[in-house]
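Reminder, nothing fancy here: chain letters follow the sequence lines and each chain counts from 1.
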Amino acid sequence: MKRVTSVPAVFAVILVAVVSVAGQSQPQSGAPPTRTVRGGVESQERNFLNRIRRLTVDGKRAGEGYWSPDGKRLVFQSERDAANPFYQIYVLDLSTGDTRRISPGMGKTTCAFFRPNSTEIEFASTHLDPNSLKYQKDELDFRASGKERRYAWDYDASMDIFTYDEKTGAIKQLTTAKGYDAEGGYSPDGQWIAFSSMRDAYNRTLSAAERKQLELDPSYFAEVYIMKADGSGQKRLTTENGYDGGTFFTRDGRIVWRHFEENGLIANVWTMKPDGTDKKQITDFGSMSWAPYEHPSGEYFLFASNKLGFENFEVFMVDKAGLKEPVRITYSEGFDGLPVPSPDGTQLAWTSSRAGGTGAAGQIYLAQWNHEAAMAALKAAGPRVKHTK
Amino acid sequence: MRKTFALALAVALVAVPSFAQSRTKTHVTTLASDKFEGRLTGSPGEKLAADYLISELKRIGAKPLPGMTDFRMPFTFTAGSKDGGSKLTVQHGTTVTNFDGPGNILATSFSDNGSTSGTIVFAGYGIVVPDSQGFGYDSYQGLDVKDKIVVVLRYFPEDADQKTRAILARYADLRYKAQAARQRGARGLIVVTGPRSPNAGEVVPMSFDTAIAGSGIVAASIAGRAAAPIFAAAKKELEAVQKELDSGNPHVAGFAIPEASVTITTNVIREQQTGHNVVAYLPATGRVVGVGKPWIGVGAHYDHLGKGGAGNSLADKADLNKIHHGADDNASGTATVLAIGEAFSKLQRRRNLLLAFWSGEELGLLGSNAFVTRPPVPLDEFAAYLNFDMVGRVNDNKLTVQATGTSAMWPKLLEQANVAAGFDLTLQEDPYQPTDVGSFNTASVPCLTFFTGAHQEYHKPSDTADKINYEDLDRVVEFATAIVKRLSDSVEAPQFTKVEQKTDTGGRAGLRLFTGTIPDYASDVKGLLLGGVIGGGPAEQAGLAKGDVIIEIAGQSITNIYDYTYALELLKIGQPARVVYMRGKERRETMLTPAARK
């Protein structure tokens, strides 16, 4: 799962552990009376978000909801198949409420995206791994034993990028490299895909230290790549140590992504040209700031950060040029992240653990987005504070 | 055909807000008005409410159930019980002492009526922990009580360690003690509140009990002064006897008192009344063929608390006997069912739709129980049952759906329907809820119940129609209508899943303690979220308030309502307990001193 799980595995574990014991240290939000009492806090969330509602209900967890270009559908990943404990990709029709699976049903999948001007949907999947069914069974047996694995994304090295054609039902493989290929996003014209790959860990001889690093956390080797929509012309765009990924194109034809520092704890939002030049750091927030997505106005990025507590991710926004300090959007304990505005900019989809209970593992939420208030708040924000040495 | 169908639905869904807005408001305002006097089961107010429901059902073209000529479905229940003059005679040698009057002897509400005599066996606290618990505590160990009168202490050992108290408390309910005595052949049971216990020496007030008949044994509580000659016959001091038992040591035994014989006469007057469910249906619009299970039910209880009285009012003393309007509880659910019926009266229906209005819910799910016990339609013909209880207070777009564990298809169906409805849903799998959905879960019917949360006016006269959020109540109607429509159209019926009851909710003995907390049952918060505190109660005095989340009490961590109930059993009346709670993000501590519940 891209932008939740593209957090280093070690962190993902902490995140879930903290959420699951939240009762010991803090109340899980989501219950009406509690939230009412925290009146001040709640009204702040209402500065930008109105009529918050839970969108996904079925299944253990869901996340990474991305809009179709016409704003009428959402593609997302969800664990809702009794026979497969891992994420599969689903398309939700917002006019009928009907949901259908578009991924093969086998193995793990993540990070889907509608291809503009096309009937194709891109996603990453391990279904060609001959061990897929065995892994599913192992996980189901494990869960049946009553144990609960602490949630962690494993950066499966057999993960490759595919497309599904809604018209023909055909599934096409775009990447084949060993190492995790995922986190793809199309250019606005639908001709390019920017994505993240860990192939650098497998296509050369690693030093002893690097081999140890690969065992510990393969995401260290992740770099941003670009390819044509048919999978041809794959080209590496980043070279810095540390996890690079979570790529999306912006309206003006640049790529926005998130770069982790080598230690895997600090991440920031960056942009660059699609040829890898003109790299610009947009945030310097001294925290894990990731999952950036541009608002369709082109005026600002929405992203998630644990600025307010290691386990407490909230959605923030920052002006396009990154001149100002980010502005906080959500005010709920637990996880709020992966913000994706609707194509018309009036709604926000994001992933949140705010429901507690059956929704504790994260589900997709929708709210009306107040763009005017967002612009005003960005204008009023103070200048960017420097964190990097 | 199918197309017209979908079109009709679309039109109806769009149309619901405009016409139903006034409709639910009319229903709630009418039912919660003074004229209906709080709709107490069996009262004239209940009858008026039933009349209103029937006129509305006729208006939308609903019909009495197959085989019935009337919309009313009567059931009898015990509206209350009082002691009609119970007596005790104690004979020791040539000394005979008589006791009567409610200060000396009071029958238990579940006692058989009759007179019985015998010699005495004192069986300690009268507690038997089932072998299955692997604990080993049996007050009857080594005692022969056949044809004897058993005397036991109320409550459970006062000085036992926390773990022992927690276990024994679960089997300390008087009904349970009576059952244990009866099963061992005792002729009667006498309960004494020991001098070392709360309410020392006092008789046990007759609890509200809706059981129609007695429990198969003569059972009464007596005052300390009436117990004195019995223990004097055995040359024992009750206080010393109790002190030994209070350690909780299972080897401290009771003893026979052959020197004393007693005659005990109980007279419980149970007032029988009749309550009325109102049930109707909208027949399928075509022949019901090829669909599994041809019925769907929607229901809500329409009774409320009348003018308080029955003991579950939370009103302040000054308001106790005022009309409890019950606008949210549950004129809101009643209006929802009427509005769903109205919407469906204009839609194609592939299944029969039961419209049920239960009475007796506030007295213990009596109406819905009567329905599932003697169902006019076989219950296995029900594809599903949807219940609405307190749905008029949508706050911040939040709606709780409970009992979702009763079928694997609920989450998917709720997700589909909610895409259009747009609620911030919370799902709770547990079907063991204090509302009529419990009756249908017990009957293995896939079911759901909808709830918008507890509030300050819960079970108070101030639960009035002006506080209802009608705009969102109409959205609940729309949401529910969409769910029923999908259920109705689907050929397959949902599969029932049995949800195991999470934990024993604990013995009723925990209820002797009064903390003045009102748990929010709709919450999935880790800890115990307070929906409110009772004015002047220990919780309020401790500074606790609505919205606080209790996470620890007396060293016991609290993650849910069951933990809380369990922890309450460990508290002692009058002994301050440390409470750790969250107020917003702030962790706070306070001391709470439980009071005795009479």
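A salt bridge does not link B:Asp396 to A:Arg51: none of the charged nitrogens lies less than 4.0 Å from a carboxylate oxygen.
Of all heavy-atom pairs between B:Glu415 and A:Thr56, the closest is OE1-CA, 3.3 Å. Heavy atoms only, all atoms of each residue included: B:Thr426 and A:Arg54 are closest at CA-NH1, 4.3 Å.
Between chain A and the options B:Arg475, B:His455, B:Glu552, heavy-atom pairs under 4.5 Å are most frequent for B:Arg475. Of the listed residues (B:Asn418, B:Leu414, B:Val580), the greatest number of heavy-atom pairs within a distance under 4.5 Å of chain A belongs to B:Asn418.
For B:Arg486, the part lying under 4.5 angstrom from a heavy atom of chain A is the side chain only. When heavy atoms are compared at a cutoff of 4.5 Å, A:Leu92 approaches chain B solely by way of its side chain, counted from C-beta outward.
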*Run the side chain to side chain contact (heavy atoms under 4.5 Å, CB included) check on A:Val57 and B:Lys412 step by step: do they pass?*
CA-CA 7 Å; A:Val57 173; B:Lys412 186 170 183 58; over 6 Å; no
*Could you check B:Gln416 against A:Thr99 for side chain to side chain contact (heavy atoms under 4.5 Å, CB included), going step by step and ending with a plain yes or no?*
CA-CA 8 Å; B:Gln416 284 176 330; A:Thr99 293; 5.7 Å; no
*asked:* Run B:Val419 and A:Leu55 through side chain to side chain contact (heavy atoms under 4.5 Å, CB included) and show every step you take.
replied: CA-CA 6 Å; B:Val419 168; A:Leu55 186 66; 4.1 Å; yes
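Under the 4.5 Å side-chain criterion, counting only non-hydrogen atoms from C-beta, A:Asp58 is not in contact with B:Trp410.
Rounded to the nearest 0.5 angstrom, A:Arg53 CZ and B:Leu425 CG are separated by 8.0 Å.
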